[in-house]
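Before any comments, here is the structure.
Since the structure is predicted, the reported quantities are computational estimates derived from the model, not experimental observations. FYI, the numbering just counts along the sequence from 1.
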Amino acid sequence: MIRRGTVAAVLLAAVLVLPAALAGCGPPGGRASAGPTVQGADAGTGTGAGTEKGAGAERGAAEATVPGKGESEGEGGEGGAGSGAGLPPVVDRVATRDKVVFLTYDDGAERDPRFIDLVRERRLPVSMFLTDSVVGPGYGHFARLRSVGASLQNHTLDHPALRGLPYAGQRAEICGQQRKLKSRFGVRPHLFRPPYGTYDATTLRAAADCGIAAVVLWRITLEGDGTLTYTRGAHRPAPGDIISVPAGETPPLTLAERTTRLLRVLEEQGLKVGRLEDHLR
């Protein structure tokens with residue numbers, strides 16, 4: 001016969017052991033498992049494009065790292081990239097089946113009133129990459145250009161060579177001109193051209209954080225005397241080419257004259273002028 005004291009002792013031992021055994025089935029600390037933890041993508045990487053750049057610029061860019069949260073303010077604006085988003089592509093031409101090329105004008109130093117008439121009469125969807133310190137008091141001229149179909153894009157505040165500058169300085173140049181154009185015209189540009197065509201991985205990071213969708217270089221340059229020079233490839237305009245028209249201090253031909261001469265060349269090649277923003281959104 002089992003004594004009552006022995007039964008009580010066995011029952012007491014079972015009560016003490018059971019919770020400990022159950023606790024051993026879970027993770028340390030006794031908390032329920034929430035499944036695997038997925039790491040964020042705040043430190044993704046990208047590589048600069050290896051396209052040739054005009055105006056003596058170097059080829060390619062070093063590997064870039066997208067800044068993590070808290071490294072920048074993220075001025076993406078109208079659907080902009082913001083911190084942690086992918087880097088904008090660097091392009092000197094557009095892959096398209098359309099027989100179009102793209103006319104881009106730099107700085108804003110030349111303010112030829114006949115050019116406004118040409119854009120209006122020919123309905124040219126040109127892109128003006130503006131520098132604030134160069135445009136100065138001439139923003140009214142570009143407001144008129146915008147009213148006849150031109151788009152206004154970013155070419156920095158003060159036109160420095162960006163390559164090698166620290167992130168804060170590059171971001172100030174790009175985002176500062178974004179704010180300037182937004183305040184004057186009510187639109188935030190999506191395209192950016194680095195001065196002299198030079199850039200580095202830091203430029204792409206800063207451009208992304210300022211809401212830039214693409215960094216625009218060029219394959220063809222329209223010189224001050226109306227001739228065309230090429231950074232690479234065939235020495236003739238082809239569909240998708242981006243043509244740069246740099247500002248000249250005292251060019252032999254006016255902006256309207258150079259553009260008219262270029263349009264004749266394009267017509268001979270069966271090419272028209274397309275709107276760059278529509279192909280790079």
Atom pairs and distances, side-chain donor-acceptor, residues 99-106, under 3.5 Å, sequence neighbours left out:
from   : atom 1 : to     : atom 2 : distance (Å)
Thr104 : OG1    : Arg193 : NH1    : 2.8
Thr104 : OG1    : Arg193 : NH2    : 3.0
Thr104 : OG1    : Ile243 : O      : 2.7
Tyr105 : OH     : Thr259 : OG1    : 2.8
Asp106 : OD1    : Arg193 : NH1    : 2.7
Asp106 : OD2    : Ser244 : OG     : 3.4

Check your understanding: Which of these, Arg146, His190, Arg275, Glu277, sits in a side chain to side chain donor-acceptor pair (under 3.5 Å) with Ser151?
Key -> Glu277

Check your understanding: Quick one: CD on Glu110 to OG1 on Thr250, what's the gap to the nearest 0.5 Å?
Key -> 9.5 Å

Review point. Nearest 0.5 Å, what's the CG-OG1 distance between Asp112 and Thr254?
Key: 4.5 Å

Practice item. Kindly determine whether Arg205 and Leu87 satisfy side chain to side chain contact (heavy atoms under 4.5 Å, CB included), including the steps that lead there. Key: CA-CA 6 Å; Arg205 293 172 54 209; Leu87 300 179; 4.2 Å; yes

Revision key, fill the gap. The residue among Asn154, Asp107, Val216 that forms side-chain contact (heavy atoms from CB on, under 4.5 Å) with Phe129 is Val216

Exercise for review: Examine the side chains of Ser127 and Gln153 and answer whether a donor and an acceptor come within less than 3.5 Å of each other.
Suggested key: no

Check your understanding: Strictly under 6.0 Å, is that where the ring centroids of His159 and Tyr196 end up?
Key -> yes

Review point. Between Val134 and Ile116, is there a shared hydrophobic cluster once you connect ILVMFWY residues whose side-chain heavy atoms come closer than 4.5 Å?
Key: no

Revision key, fill the gap. What one should report as the nearest heavy-atom pair of Pro237 and Leu228 is CG-CD1, 4.1 Å

Review point. Arg232 versus Arg93: any side-chain heavy-atom pair under 4.5 Å?
Key: yes

Practice item. May I ask you to say whether Arg163 pairs ionically with Asp200, meaning some side-chain N is under 4.0 Å from a carboxylate O? Key: no

Study note, to complete from the structure: To the nearest 0.5 Å, atom NZ of Lys180 lies from atom OG1 of Thr131 at 12.5 Å

Practice item. Step by step, work out the side chain to side chain contact (heavy atoms under 4.5 Å, CB included) result for Val90 and Leu217. Key: CA-CA 7 Å; Val90 182; Leu217 304 181; 3.6 Å; yes

Revision key, fill the gap. One should read off an interatomic distance between Gln170 CD and Leu162 CG, to the nearest 0.5 angstrom, of 4.5 Å

Check your understanding: Closest approach of Pro88 and Ala213, non-hydrogen atoms and distance?
Key -> CB-O, 3.6 Å

**Study point:** Any donor-acceptor N or O pair under 3.5 Å, side chains Gln177, Thr156
**Key:** no

Point to revise | Minimum heavy-atom distance Pro195-Phe192, with the two atoms named | key: CD-CZ, 4.5 Å

Practice item. Could you pull out the closest heavy-atom pair between Arg171 and Cys210, with the gap in Å? Key: O-SG, 3.8 Å

Revision key, fill the gap. Rounded to the nearest 0.5 Å, the CG atom of Asp209 sits from the CD1 atom of Ile174 at a distance of 9.5 Å

Check your understanding: In the single-linkage hydrophobic clustering (I, L, V, M, F, W, Y; side-chain heavy atoms under 4.5 Å), do Met128 and Leu157 co-cluster?
Key -> no

Review point. Would a 4.5 Å heavy-atom cut-off, applied to side chains only, mark Ile212 and Gln178 as touching?
Key: yes

Exercise for review: Say whether Leu124 and Phe142 are linked into one hydrophobic cluster, either directly or through other cluster members, by side-chain heavy-atom distances under 4.5 angstrom.
Suggested key: yes

Practice item. Kindly indicate whether the side chain of Leu145, heavy atoms from C-beta on, has any atom under 4.5 Å from the side chain of Val119. Key: yes

Review point. Where do Arg258 and Pro246 come nearest, in terms of heavy atoms and distance?
Key: NH1-O, 3.6 Å

Practice item. Report the residues that fulfil salt bridge (Lys or Arg N to Asp or Glu O under 4.0 Å) with Arg120, sequence neighbours left out, ordered by chain and then residue number. Key: Asp117

Point to revise | Spacing of Arg111 atom CZ and Leu255 atom CG [to the nearest 0.5 Å] | key: 11.5 Å

Review point. Of Val91, Val126, Val94, which meets side-chain contact (heavy atoms from CB on, under 4.5 Å) against Leu276?
Key: Val94

Review point. Side-chain heavy atoms under 4.5 angstrom apart, residues restricted to Ile, Leu, Val, Met, Phe, Trp, Tyr: same cluster for Val187 and Leu152?
Key: yes

Check your understanding: Taking the side chain as C-beta and beyond, is there a heavy-atom pair between His155 and Asp132 under 4.5 Å?
Key -> no

**Study point:** Geometric class of the Phe185/Tyr139 ring pair [parallel <30°, tilted 30-60°, perpendicular >60°]
**Key:** tilted

Practice item. For residues Trp218 and Thr231, report the shortest heavy-atom separation together with the two atoms involved. Key: O-OG1, 3.7 Å

Practice item. Answer whether the closest heavy-atom distance between the side chains of Leu191 and Leu280 falls below 4.5 Å. Key: yes

Can you give me every donor-acceptor pair (side chain of residues 260-274, partner residue at least two apart or in another chain, under 3.5 Å) with its distance?
from   : atom 1 : to     : atom 2 : distance (Å)
Thr260 : OG1    : Ala256 : O      : 2.8
Arg261 : NH1    : Asp225 : O      : 3.3
Glu267 : OE2    : Arg122 : NH2    : 2.6

Exercise for review: Tell me, please, whether Tyr230 has Arg219 positioned over its six-membered ring: NZ or CZ under 6.0 Å from the ring centre and within 45 degrees of its axis?
Suggested key: no

